[in-house]
There are 2 protein chains.
Amino acid sequence: MVIQLRDTLVELIRDEQLKPGEQIPTEHDLAARFSVSRATVREALKLLEQDGLVDVVHGRGRFVSANVGLSVNRPVTRFESVTEMLAGLGYITTNRTLSVERAAPTDEEAEALGVDAQGEIVRLRRLRLHEDSALVVSVSAFSTALLGTDEPADLDFTGSLAQWLAGRGHDLQSSAAQIQALPMPSELAALPEVDGKQAWLVISERCVDAAGRSVLFSREYHRGDVFTFHVLRRRGT
Amino acid sequence: MVIQLRDTLVELIRDEQLKPGEQIPTEHDLAARFSVSRATVREALKLLEQDGLVDVVHGRGRFVSANVGLSVNRPVTRFESVTEMLAGLGYITTNRTLSVERAAPTDEEAEALGVDAQGEIVRLRRLRLHEDSALVVSVSAFSTALLGTDEPADLDFTGSLAQWLAGRGHDLQSSAAQIQALPMPSELAALPEVDGKQAWLVISERCVDAAGRSVLFSREYHRGDVFTFHVLRRRGT
DNA sequence: ATGCGACAGATGTCTGACATCCGCCAACCT
DNA sequence: AGGTTGGCGGATGTCAGACATCTGTCGCAT
């Protein structure tokens, strides 16, 4: 109910054309208007404050803040698989697996997955192709323990890796990501489908499942002339 | 007090080594422990829920969620000027102004600033140099109204543009930003300090002041081999 | 004119109560 | 014996009312 009220209040602010600086109704009024208690109203308003949509001044009231009016479509802060992202952008792509193999982890992979640097991980390299050109190049690493009795070569990763992991009990929930602009490593740039002259927008992320375990480290190269990421930025916090 | 309690609870979760899935003390216990009312505890906990740090199950309790353990240093979601960012990363840079001039806005600039496409804006192009090499190339646009009686050429922008705007009553608060990986436009790549072969990490953002006005549209090119942005990503919301 | 206090109205916090949901377990029925 | 039901404890969700604290305003006394 608090959540519902919060969303209602957001609508109210957006729809009533309340401009930054304007005062919003008091807790008492809102409680009366929506037939809920003041405590409930306060919890909803607190959420809006944390979102930076309203500012509060003790003794005076609440005022819509500067951030209203700023919004973006698919913020990078929303965790989603490459498959989901491409579908959301309307791209029809085909997946091609370049390689699936057991290999020694890079330092980065070892640290992210919490495995020994002398150990072994599964590394999966894939292309997302659109009209015979690679839009995204993915290099993913995960623990060999997830294979169970299967060998890497037996598996079919042309679908969503996130889905495959979910089937093994690891629902990806969130990640800590790095964003860089890099050229394509020469080994991958050598492929005919991969444009080696592009700037590539690279997301390297450590993904954790619902239980908080680091399950996947992946680096996704997004073609620079195709992809744009969006994000809202705020002072403080 | 709610905010203070929220931060205390975050510490409590982090320091007590509570792992994802573990239950946190009940509202009643927390209220007793910190000598506050249950209402106050609830407001603080609601904030943690919105942050995705705890999950709540009606009738059972609250449990620390998967996102605990994920954190990054200087998230892109934190709005800061290039000057602040470079200082935070420990770079000592010198500013060089390439040009300040009245000019016709690009479509993008006109839309972001809410000015007529046939109108005029001030465009400022600057370099942040480190050891005679450009780390960041900025192209900023703002309304000519901000000049007052001054002419562009009279102004000194070697300091922080954000500070200059603040002095004119426009404290930059937040922005909606795009992130791309692009080559440097040829005109700027021609400069000896600018590496034209680099991939550049580009942030184009519309910045709004405390009153919610779109004050500044800027595009910052960050050298790809130097800069890495960080961000937390979460499912939902 | 200036300063001070009363006052209204807003948010911040507290208290106690009841509603609802969940997990558990004992009593019950078949 | 086994499955169902109902009660109970404990957790969150919501409510009503009260008081505390802060802000701006207005009127009155100096």
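Just so we're on the same page: letters track the sequence lines, and every chain starts at 1.
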(message) Whether the side chain of B:R42 and the base of D:dT14 hold a donor-acceptor pair under 3.5 Å is what I'd like checked.
(response) no
(request) Could you work out which one of D:dC15, C:dG12, C:dA10 sits closest to the side chain of A:V36? (result) D:dC15
(message) What I want to find out is whether B:R6 reaches B:E43 closely enough, with some N-O distance under 4.0 Å, to be called a salt bridge.
(response) no
(request) Figure out the CD/P separation between A:E27 and D:dA16, and round it to whole Å. (result) 15 Å
(message) Strictly below 4.0 Å, N to O, side chains only: are B:R235 and A:E84 in salt-bridge contact?
(response) yes
(request) Starting from P on D:dC15, measure out to CG on A:L30 and report it in whole angstrom. (result) 13 Å
(message) Contact between A:E16 and A:I24 at the side-chain level, heavy atoms closer than 4.5 Å - yes or no?
(response) no
(request) Measure from CG on A:L5 to C1' on D:dC15 and round the result to the nearest Å. (result) 14 Å
(message) Nearest to the side chain of A:H58, heavy atoms from C-beta on, is which of D:dA11, D:dC15, D:dT21?
(response) D:dT21
(request) Nearest-nucleotide wise, let me know which of B:G59 and B:R62 is further upstream toward the 5' end of DNA chain D. (result) B:G59
(message) Just the rounded figure in Å: distance from C1' of C:dT13 to CD of A:E43.
(response) 13 Å
(message) If you only use heavy atoms from C-beta on, which nucleotide in C:dT11, C:dT13, D:dC15 is closest to the side chain of A:S37?
(response) D:dC15
(message) side-chain contact (heavy atoms from CB on, under 4.5 Å), that's the test. Do A:V202 and A:H222 meet it? Break it down for me.
(response) CA-CA 6 Å; A:V202 184; A:H222 304 74; over 6 Å; no
(request) Tell me whether the OP1 or OP2 atom of C:dG23 has a side-chain N or O from B:R60 closer than 4.0 Å. (result) yes
(request) Would you mind listing every side chain to side chain donor-acceptor pair (under 3.5 Å) that reaches into residues 164-173 of chain B, with sequence neighbours excluded? (result) B:D150-B:R168
(message) Rounded to whole Å, please give me the gap between CD in A:Q23 and P in D:dG24.
(response) 11 Å
(request) Give the rounded distance in Å between these two atoms: CG of A:D55 and P of C:dA10. (result) 18 Å
(request) Answer yes or no: side-chain N or O of A:R38 and base N or O of C:dG12 forming a donor-acceptor pair under 3.5 Å. (result) yes
(message) Does a side-chain N or O of A:T40 approach OP1 or OP2 of D:dG13 to a distance below 4.0 Å, or not?
(response) no
(message) Tell me the interatomic distance from A:H28, atom NE2, to C:dG12, atom C1', rounded to whole angstroms.
(response) 16 Å
(request) Check every atom of D:dC15, D:dG13, C:dA10 against the side chain of B:V56 and return the nucleotide holding the closest atom. (result) D:dG13
(request) Take atom CG of A:L45 and atom P of C:dA10, then tell me their distance rounded to the nearest Å. (result) 14 Å
